[in-house]
Amino acid sequence: MTRGHFITGELMKKRRTKNRYKVYKPNKKLYLSLSLFLGIFVIVCFILLGVYIEKTPVCTVLSAIISVFGGAFASVIVAWLIDIATCKRRNMEQSIRAHRNIDYIKMYLDELFQSFADIQPRNDTLDSADWELWFRELKKLNFFKKEPNYYERLLPVYVFLNEIKTVISEINSGELKEYFILGNADTLGRLIMLSDVCYRLEGILFNNEKGNFEHLIFCINDIITTVIPFVELSKKQYYQRKNRYEASYETVKQSNVKNAYRKYTG
């Protein structure tokens, strides 16, 4: 089975997310009000200048007013244009970051599901693209918790769960969090739910905690059918992330895995 088959399979009957949320917008009312006020004031001054053209002192005062307020009007227009360009750039930058991070989550979910298949004791389920089938098969076997190589066997699962939580933590902080809240808070809420699922699954697998497996399955299916967009990573981006989780895998593998789990989960 090739990696990536499950995410784009029949289960992925979902709505697309917007390509870009226009969450940063210039204050049109403010700029428009200032422009109208200054523009009308300058026009009135020009009219008065034509009326009192023969009165030098009045013309001098009106010319000074036109110069000052005309410059202010031009400054407002320039500031408006700069603000429009700035908002457009910020929207584009945050859109790229948001889509890239969701693509990373997609890739790690892909690898997580593949790891469920890779550690199956037999191969009769591997022709299915349904990750649930693999997960339920492992649950029937109690995830090999009685096997001597239990931690080593589930090490890839630990790495991918950790990577998913790391990406979601990045999304749920700073300017990117603001972007999601303003653009689509529902997406951010679902991603936080996925992070919680990863914590719960990690606790069940490595700390003998109890959990509702049906709820976990439902939450993951909700994420992969509503949030994750069909935007593929470039080869460069994919291998950058792939090298990162492979490095994480080797780091954990060379340490005392059981203690690493306990230290990570506190």
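The first residue of the sequence shown is numbered 1, and numbering continues consecutively from there. What you see below is based on every heavy atom in this structure, not just the backbone, and it leaves out hydrogens, waters and symmetry mates.
Here the side chain of Ser115 pairs a donor or acceptor atom with the backbone of Leu112 at under 3.5 angstrom. In this structure a side-chain-to-backbone donor-acceptor pair under 3.5 Å is present from Ser75 to Gly71. Judged by distance alone, the side chain of Asn91 and the main-chain N or O of Tyr24 form a donor-acceptor pair under 3.5 Å. At distances below 3.5 Å, not a single donor-acceptor pair connects side-chain atoms of Asn172 with backbone N or O atoms of Ile168.
Note on Ile82 and Val76: separate hydrophobic clusters, where clusters join Ile, Leu, Val, Met, Phe, Trp and Tyr whose side-chain heavy atoms are under 4.5 Å apart, directly or indirectly.
Side-chain contact between Asp222 and Leu194: absent, with no pair of heavy atoms (C-beta onward) separated by less than 4.5 Å. Counting heavy atoms from C-beta outward, Ile204 and Leu216 have side chains that approach closer than 4.5 Å. Contact annotation: the side chain of Val159 never approaches that of Asn162 to less than 4.5 Å [non-hydrogen atoms, C-beta and beyond]. Looking at heavy atoms from C-beta onward, Val157 lies in side-chain contact with Leu161 at the 4.5 angstrom threshold. Looking only at side-chain heavy atoms (C-beta outward), Tyr179 and Ser95 come within less than 4.5 Å of each other. No side-chain heavy atom of Met107 sits under 4.5 Å from any side-chain heavy atom of Glu163. Within the 4.5 Å cutoff, the side chain of Trp131 has heavy atoms near those of the Ile220 side chain.
Residues Ser35 and Ile77 share a closest heavy-atom pair of OG-CD1, 3.6 Å. Considering all non-hydrogen atoms of both residues, Leu62 and Cys45 come closest at CD1-O, 4.2 Å. Looking at every heavy atom in both residues, Ile84 comes nearest to Pro26 through CG1-CG, 3.7 Å. Across Gly70 and Val42, no two heavy atoms sit closer than the pair N-CG2, 3.7 Å. Scanning both residues, Cys219 and Val197, for their nearest heavy atoms gives CB-CG2, 3.5 Å. When all heavy atoms are compared, the tightest approach of Gly39 to Phe73 is N-CD1, 3.7 Å.
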Candidate pair Ile105 and Ile171, rule side chain to side chain contact (heavy atoms under 4.5 Å, CB included), full reasoning: CA-CA 11 Å; Ile105 293 173; Ile171 290 175; 4.0 Å; yes
Go through Asp118 and Gln114 one step at a time and tell me if the side chain to side chain donor-acceptor pair (under 3.5 Å) criterion holds. CA-CA 6 Å; Asp118 291 343; Gln114 181 66 50; 2.8 Å; yes
Would you check, one step at a time, whether the test side chain to side chain contact (heavy atoms under 4.5 Å, CB included) holds for Gln94 with Leu176? CA-CA 6 Å; Gln94 296 307 319; Leu176 195 56; 3.4 Å; yes
Run Glu132 and Asn221 through side chain to side chain donor-acceptor pair (under 3.5 Å) and show every step you take. CA-CA 9 Å; Glu132 274 189 55; Asn221 281 339; 2.6 Å; yes
So Lys106 and Asp110, salt bridge (charged side-chain N to carboxylate O under 4.0 Å, His left out) or not? Walk me through it. CA-CA 6 Å; Lys106 171 184 175 180; Asp110 228 18; over 6 Å; no
Evaluate Glu93 against Arg90 for salt bridge (charged side-chain N to carboxylate O under 4.0 Å, His left out), listing each step before the verdict. CA-CA 5 Å; Glu93 288 176 351; Arg90 290 182 70 193; over 6 Å; no
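Atom CG in Leu188 sits 6.0 Å away from atom CD1 in Ile181 (nearest 0.5 Å). Considering CG of Asp83 and CG of Asn27, their distance stands at 8.5 Å, rounded to 0.5 Å. Separating the NZ atom in Lys139 from the CZ atom in Phe213 is a distance of 5.5 Å, to the nearest 0.5 Å. A distance of 11.5 Å separates CG of Asp186 from CZ of Phe180, quoted to the nearest 0.5 Å. From Phe46, atom CZ reaches atom CD1 of Ile65 across 12.0 Å, with rounding to the nearest 0.5 Å. Separation of atoms OH (Tyr104) and CD (Glu170) is listed at 8.5 Å; rounding is to 0.5 Å.
A salt bridge links Asp196 to Arg200: at least one charged side-chain nitrogen sits closer than 4.0 Å to a carboxylate oxygen.
Taking the six-membered ring where the residue is Trp, Phe69 and Phe41 present tilted rings, their angle falling between 30° and 60°. The aromatic rings of Phe206 and Tyr158 sit perpendicular, their planes meeting at an angle over 60°, well past the 30° parallel limit.
Residues Trp80 and Tyr31 bring their aromatic ring centres within 6.0 Å.
For Phe218, the CZ atom is loosely surrounded, since the number of other residues' heavy atoms within 6.0 Å does not exceed 12.
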